Every structure is written in C-alpha cells, then in structure tokens.
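Here is the structure we will look at.
Remember, predicted model here, so these are calculated numbers, not experimental data. Any value given below was found using the heavy atoms of this structure, including those in side chains, with hydrogens, waters and symmetry copies removed.
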Amino acid sequence: MNIIATHINYLHICHRKLWLFVNGINMEHSSDLVYEGKHIGEHSYNQRSPKFREVELEGAKIDFFDPQTKTIHETKKSNAFEKAHVAQVRYYQYLLHHNGVLETRGIIEYPKQRKRIEIEPLNSNDFTEIENWVKAVRAIGNEIEMPNRKDKPSKCKNCSYFDFCWISENE
Amino acid sequence: MKKTYYLFNPGRLSRKDNTLKFTPVDEDGKEGQPRYLPVENVNDLYVFGSLDANSALYNFLGKQSIAVHFFDYYEHYTGSFMPKDYLLAGKMQIAQTQYYLSAKKRMPLARSFVRGAALNMLKNLQYYNRREKDLNQTIGQIEALMLQIPEYNKIDQLMGLEGNIRQAYYQAFDTIINDFEMGTRTKQPPQNEVNTLISFGNMMCYTACLGQIYHTQLNPTISFLHEPGYRRYSLALDLAEIFKPLLVDRTIFSLLNKRQVKSSDFRHELNRCVLKDSARKEFVKAFEEKLSDTIQHRSLGRSVSYKHLIKLECYKLTKHLLGAEGYVPFKAWW
C-alpha cells in the first residue's frame with residue numbers, strides 16, 4: 001500500500017474512515033462541504049501564490065511550498081481536526097526530508113477563523129512517531145473487518161461517510 | 001440539488017460551450033426555440049421522445065457523470081447510456097460476488113428483499129384499511145404468506161412465494177382504486193389502465209434504483225433475489241421490490257382517486273392499453289414529486305428525500321456485504 005498524506009490525516013480523525021478510504025469505498029462527491037473546502041483552498045491568499053510552488057511527491061501533493069524559506073503552507077476550512085492537519089503537514093515534512101529537502105517548516109492557515117498554526121522542523125522523536133503512523137495506517141488498512149464507527153453521531157456530522165455509517169433500521 | 005430531466009418531445013440535444021442545449025424539432029424537421037439545461041443541475045436524463053445527439057454530447061455527459069435512459073414508443077425501458085464507473089472498489093466487488101455464490105449468504109439477503117417488499121405492501125393496505133376500505137382479509141393473507149419466508153431455502157421457491165404475496169396484494173387494488181378495474185395483473189402487454197400504470201411505474205422505480213446504485217460501489221449486475229445480470233441490471237430489480245409499494249403504488253392510487261389521470265388519458269390498441277402523453281406527464285410529475293418529498297429520518301436525525309432512501313438502502317447493503325452490520329430492509333413507518 002502506498003501511504004499518502006490523506007491516510008495520515010484520516011488516521012487522526014477516524015479509523016473507520018481510513019479503512020473505507022483505503023479499501024476504495026468512497027462517497028459521491030456531491031456535497032457542498034467538499035466544494036466549500038476546495039474553494040477555500042483555491043481562492044484564499046491567492047495574491048501570494050506566485051512565489052509558491054506546487055510540489056508533487058510520491059504520496060503527497062503540496063499545494064503551496066515556499067522554496068526560499070522551505071515552508072509548507074496548508075489551508076483548511078475549519079480547525080475542528082487540527083491534530084489531523086498537523087499530522088498531515090508533519091508527513092509532508094517527512095516526505096520532503098526523504099527527498100533531500102531538510103529542515104522544513106509548516107504553516108496551517110484557517111482563513112475563516114483567521115487563525116494560523118506554525119510548525120517547527122522535525123526532530124528525531126518526530127521521525128519515530130511518523131513511522132509509527134505509517135505502520136498504523138498499514139495495519140488498519142489490512143484489517144479484514146471494518147473498524148467500528150465513533151460512539152456518537154454528533155462526532156461524525158460533516159463527514160462524507162455520515163449517512164453510510166449511521167443509517168440503520170429501527171424495527 | 002440535481003434533478004432528473006425528462007425529454008418527451010423530439011429534438012436535438014447538443015453540447016453548447018459547457019452546458020446542454022435542447023432544440024425541439026417538429027415532424028417536418030422545423031426547429032423550434034432552443035432551451036438550455038444547466039449541466040450542473042442535471043442528475044440524469046430520461047428520453048421518451050426521439051432524440052438526435054452526437055458523440056461530442058455523450059463524451060460531455062460521460063465526463064459530467066450524467067446517465068441517459070431510453071424508452072421506446074410504448075414506454076418500455078430499452079437501455080441506458082451509463083458514464084464510466086467512477087466509484088470502483090475491488091474489495092466490494094469480491095464481497096458482492098461471494099455473497100451471491102454462497103447459498104448460505106445469498107438466501108438471507110433474498111429473504112430480506114421479499115420481506116421488505118411485503119412489509120411495505122402491508123403499510124399501503126393498512127393505510128386504506130383505516131380509511132373505510134375493508135382490506136382485513138388481504139392483510140391476513142399476506143401476513144400468513146410472510147410466515148413462510150424463513151422456511152424457503154431455494155431462490156425459485158422464494159420467488160414463487162413473492163409472486164403469491166404480490167398477487168394477493170394486487171387483488172386489493174380493486175378495493176383501493178375507485179373508478180377503475182384492475183382485474184388480474186397483466187404485463188407484456190398490460191391490458192388495462194391500472195396494469196399499464198403499474199408497468200410504467202415499476203419501470204420508473206427500477207430506473208431510479210439503478211441511478212442510485214450507480215453512485216455507490218455496488219455492482220448493479222450482481223443481485224441476490226433476482227438472477228444476476230440477465231438482460232437487466234438485476235440488483236436494481238432487487239431494490240425496486242422494496243420501493244415499488246411506496247413510490248409507485250401510492251402514486252397510482254393518488255393519481256387515480258384524485259382523478260388527475262382519467263380514462264381519457266389512455267389509448268386502447270389491439271391487445272394493449274397505452275398511456276397517452278398527458279397521463280405519462282402526470283405520472284412522471286407525481287413520481288418526481290414523490291422522489292423529492294422528504295421525511296424526518298429516525299436513525300440519521302435529519303430529513304431525507306425518498307430518492308435518498310434508495311441510496312441509504314445501498315449503503316446498508318454495502319455494510320452487510322463488508323460484514324459490518326446485518327441488512328434490515330427499509331420499512332415505511334408512517
């Protein structure tokens with residue numbers, strides 16, 4: 001399995017979501033939320049875009065990378081899953097490191113909340129942690145059974161798998 | 001919200017820049033005023049009239065994931081243009097096939113479809129039973145037949161039982177419907193007005209189910225109650241069993257009893273009864289309204305359309321096939 005940044009992100013959100021995604025069970029992209037996220041990613045801060053590069057690595061497509069300051073910029077709609085966003089940028093740093101770009105930093109921006117998070121270069125502990133994430137993604141993806149959904153639907157609202165996970169018949 | 005568009009009149013459909021253009025063409029080949037269909041609002045197209053189109057259009061529709069369903073002069077479904085599958089999942093395909101291949105795995109699903117269909121038929125009968133139509137006998141008869149569902153271990157026996165349930169149910173139509181006689185169920189071709197409406201409605205329901213299956217990982221040719229892939233996308237037939245009473249039969253009862261469709265809306269030809277354009281349009285309009293009607297869903301805690309209920313049924317089936325949660329067929333609770 002080729003581990004991509006989305007896997008690392010989902011690992012920190014929901015194991016069931018990760019399992020479904022790894023196994024190709026995707027939901028139809030008709031939701032307005034998906035569109036909104038895409039729109040924010042594409043249209044926020046575009047006045048700065050000329051100095052940024054889009055970087056494609058095996059396992060990641062970084063939308064905005066500043067080669068001068070070696071900074072990864074990631075834009076997200078809401079900070080509800082901050083941990084997962086940080087993990088995703090950590091993984092970008094890890095991949096860039098293995099491609100010879102060392103000591104990168106990251107900035108996660110939430111334009112709607114007018115909030116930003118700065119991420120320091122990786123230290124040796126971080127490398128071990130990221131390698132553990134990769135192992136965890138493999139382990140979950142290879143599980144025969146679909147992991148359980150979260151315990152409360154309120155935690156799942158806004159997830160594209162919401163209807164899939166929570167539909168049931170009360171007889 | 002994306003919509004289904006129905007093309008009843010003959011004409012030419014073409015790509016115009018990034019949207020769709022429909023130019024009506026009359027019998028003498030004279031072009032009328034073109035209409036534009038905003039492509040982002042189109043879910044699928046149902047073509048009843050004769051349609052001119054070129055491959056550029058189909059390439060465009062394919063890229064936009066818009067299916068086109070075709071019907072002949074007698075409103076029979078003749079086939080679909082289906083865009084390339086975009087939600088493929090090998091794991092799902094294998095699971096679905098395994099469930100089909102093992103009788104032990106297939107039978108419970110097949111039974112669920114029969115049971116779900118019967119439960120929804122009972123709902124309809126109970127509704128009219130509360131409204132001064134005495135249907136107690138039919139209700140009792142169907143309940144008795146349903147007790148036999150767990151006893152059958154062969155598909156053809158189960159299909160036979162399903163036929164008996166449906167026959168009992170159709171007998172009640174003459175009590176429910178005020179001014180028309182249905183008599184026995186006739187197809188190929190249907191002999192009278194009610195039979196014609198049932199055939200047309202069932203076909204619409206089948207196509208609606210197919211449309212929803214397309215937006216999931218399920219393979220529409222691998223089915224459990226009906227035999228797979230024989231001439232039809234048979235998984236859509238399985239799902240349609242559950243939704244026919246709700247979507248089709250209720251629409252028919254209301255159209256006829258409210259006199260929105262009258263005997264003058266039908267044409268009797270040699271050995272068959274055919275819907276006139278007026279009846280077809282009335283039915284399609286009422287059916288579309290039904291599909292977009294919403295109900296408050298109990299397990300999801302939000303309102304969902306009848307159309308979305310079909311997709312939710314696909315999700316439940318997917319979870320069953322992936323070994324997560326046992327499939328329980330949808331049963332109307334109102």
Item to complete: Give the member of Pro147(A), Pro153(A), Cys165(A) that has the highest number of heavy-atom pairs under 4.5 Å with chain B.
Response: Cys165(A)
Worksheet item: Atom CD1 in Ile167(A), atom OG1 in Thr318(B): separation rounded to 0.5 Å?
Response: 12.0 Å
Worksheet item: What are the two closest non-hydrogen atoms of Phe164(A) and Lys319(B), and how far apart are they?
Response: O-NZ, 2.7 Å
Discussion item. Rounded at 0.5 Å granularity, tell me how far CZ in Phe162(A) sits from CZ in Arg302(B).
Written reply: 7.0 Å
Discussion item. If I compare all heavy atoms of Ser168(A) with all of Ser299(B), which pair ends up nearest, and what's the gap?
Written reply: N-OG, 3.1 Å
Worksheet item: Hey, is Lys316(B) close enough to Asp163(A) for a salt bridge, meaning N to O under 4.0 Å?
Response: no
Discussion item. Strictly below 4.0 Å, N to O, side chains only: are Glu169(A) and Arg298(B) in salt-bridge contact?
Written reply: no
Discussion item. Just so I know, are the side chains of Lys91(B) and Ile25(A) near enough to count as touching, which here means a heavy-atom distance under 4.5 Å?
Written reply: no
Worksheet item: About how many Å separate CE of Met146(A) and CD of Glu325(B), when rounded to the nearest 0.5 Å?
Response: 8.5 Å
Practice prompt. With sequence neighbours left out, write down each residue that passes side-chain contact (heavy atoms from CB on, under 4.5 Å) with Leu102(A), or none if nothing qualifies.
Written response: His97(A)
Discussion item. Taking salt bridge (charged side-chain N to carboxylate O under 4.0 Å, His left out) as the cut-off, I'd like each qualifying pair that reaches into residues 81-94 of chain A, sequence neighbours left out, listed once.
Written reply: Glu82(A)-Lys115(A), Arg90(A)-Asp126(A)
Practice prompt. Output the distance between atom CG (Leu20(A)) and atom CE (Met92(B)), rounded to the nearest 0.5 Å.
Written response: 10.5 Å
Worksheet item: Out of curiosity, Leu322(B) CG to Asn23(A) CG, how far, rounded to the nearest 0.5 Å?
Response: 7.5 Å
Worksheet item: Got more than 12 heavy atoms from elsewhere within 6.0 Å of CD, Gln296(B)?
Response: yes
